[in-house]
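Chain A is the first sequence line, chain B the second, and so forth, proteins listed ahead of strands; every chain is numbered from 1. All values derive from a computational prediction rather than experimental measurement.
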Number of protein chains: 2
Amino acid sequence: MQYNPEDILPTISTDCVIFGLDQGKLKVLLTRRAIAPKKGGWALLGGFVLKHEDLETSARRTLKEISGMSNVYMEQVHSFGQVGRFPSRRVITVAYYALINYTLENLKPGPDSSDVQWFAINEVPELVFDHRYILDTTLAFLRSRVRTEPIGFELLPAKFTLTQLQGLYEAVLGTSFDTRNFRKKLLKMNLLIPLDESQTGVAHRAARLYSFNKDIYQKLKAKGFSFEL
Amino acid sequence: MQYNPEDILPTISTDCVIFGLDQGKLKVLLTRRAIAPKKGGWALLGGFVLKHEDLETSARRTLKEISGMSNVYMEQVHSFGQVGRFPSRRVITVAYYALINYTLENLKPGPDSSDVQWFAINEVPELVFDHRYILDTTLAFLRSRVRTEPIGFELLPAKFTLTQLQGLYEAVLGTSFDTRNFRKKLLKMNLLIPLDESQTGVAHRAARLYSFNKDIYQKLKAKGFSFEL
DNA sequence: GCAAAAGTGTTCTTCGTACACCCATGC
DNA sequence: GCATGGGTGTACGAAGAACACTTTTGC
């Protein structure tokens, strides 16, 4: 979809760092630019803000155009406005990050891009403009956030095993945890709902599935509970 | 100082929440608007970004015009871009906060304001636009920040007593601490340098003065230390 | 029966918390 | 000498960290 130049704020864009988890690896979604400047370069998903839309709405629109997804966990990180960060004219960008349940389906390049692709966090190619800096800042933000808010679940399917959960934290934080202590700690929080279901199709003992309920967290939080990993 | 309309980005402003500590109370600096829209209303210190300046530079310029201060601790908080937050046209604002050593000297209204004044955090008058929301968001940000980074010192003079320090945390966080535990915890961090000086001019036992050194913190941080109150 | 991951308890150390009295100084 | 805030130590309980073996399942 193309937008009328009159409907666009030419000095303000949003960029969104989209994180997904694929086989225990943290990945980011990037697009290849199909227009100047920096045609052909890899970039974060982003675009100019429309005159009649809020900042987060703009970031969500971009994400939806490319992944088809809505109702995604998204949060503002920081605004980047260095003089000269964008060639030829002044553009300030507001960075968001999104956590999505990894998929290869329904990905299609946006209006001004020729390709979309997932990259493991340590195999990211060269990026256009200041996008590398934005990515690094956002990743640092996510790492601090994931330890103090129960947002990691957004990267997992609705039903998950404790091993998957541990793997997620290890992938995001780049550390490893002791299995017994990790389970003890998470289960003691009473945020996880044990289901009467198990994994299927695995060549070993099937693990129990759990789910996470945001409402329970909100209620506990209101009572003074604070998530901390 | 007035700026040429051609040098200004009319869609982007910065607003700065300036915090100071006066006699154990947390205060914010506000200005009274001397121009439309909302002439006469109380507002955060802010202004439009110039074409040739970075975002933080813009916030620092505004602060300097009003307080005469530079080299102040400042950090970006969040950007606010709701459609309709500013009357008559679309303006996105990037909010910063600053921590300064409280003073009444050298305060003078900026180019478009008629008054500058400190307000205790719980006696803030009605504010223009979405400034109340920005203030609340920023205060919440500060409260979380002050517990995880040693930034509180920025609100105190270079030499301070442990009682002043405790009072600062109590004022910012709205809680109270046990004196013995508070001292034990802070001194154990090895961030405070005990000076061979004491308070003067007090009608009771004079307290020892301490100073805080950022370099020491940076070195400890690099070794894995993390400040936590 | 074997490979592969699931699941589970105890000990020790560290850290947070609760709590009350004497000290130094100015007036 | 008295009022005012400065300064200090100990005991208890909670939480984090280290650590190894048995269980279940599919093949």
I would like to know whether A:Y97 and A:E75 meet side-chain hydrogen bond (donor to acceptor under 3.5 Å, both in side chains); could you show each step before the answer?
CA-CA 6 Å; A:Y97 75 90; A:E75 204 180 348; 2.6 Å; yes

Measure the acute angle between the ring planes of [X] and [Y], then classify it against the limits of 30° and 60° as parallel, tilted or perpendicular.
| X | Y | result |
| --- | --- | --- |
| B:F153 | B:F212 | parallel |
| B:Y133 | B:F80 | perpendicular |
| B:W42 | B:F119 | perpendicular |

Check this for me, if you would: do A:R60 and A:E65 make a salt bridge, where the nitrogen-to-carboxylate-oxygen distance has to be below 4.0 angstrom?
no

Less than 4.0 Å between a side-chain N and a carboxylate O, is that true for B:R132 and B:E126?
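No, no charged N to carboxylate O under 4.0 Å.
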
Give, ordered by number, those residues of residues 147-165 of chain B having at least one heavy-atom distance below 4.0 Å to an atom of DNA chain D; if nothing qualifies, reply none.
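Contacting residues: B:T163.
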
Heavy atoms within less than 4.0 Å of DNA chain D: which residues of residues 181-205 of chain A have one? Give them sorted by number.
A:N181, A:K184, A:K185, A:V202, A:A203, A:H204, A:R205

Checking side-chain contact (heavy atoms from CB on, under 4.5 Å) for the pair A:L155/A:F19: CA distance, chi angles, key distance, verdict?
CA-CA 8 Å; A:L155 289 166; A:F19 291 106; 4.2 Å; yes

Between C1' on C:dA5 and CD on A:Q166, what's the gap in Å once rounded to a whole number?
12 Å

Rounding to a whole Å, what distance do you find between B:D178:CG and D:dT10:C1'?
13 Å

Using only atom types and a distance under 3.5 Å, with no angle test, would you say the side chain of A:Q164 pairs donor to acceptor with the backbone of A:T161?
yes

May I ask you to verify whether the side chain of B:R180 and the base of C:dA20 hold a donor-acceptor pair under 3.5 Å?
yes

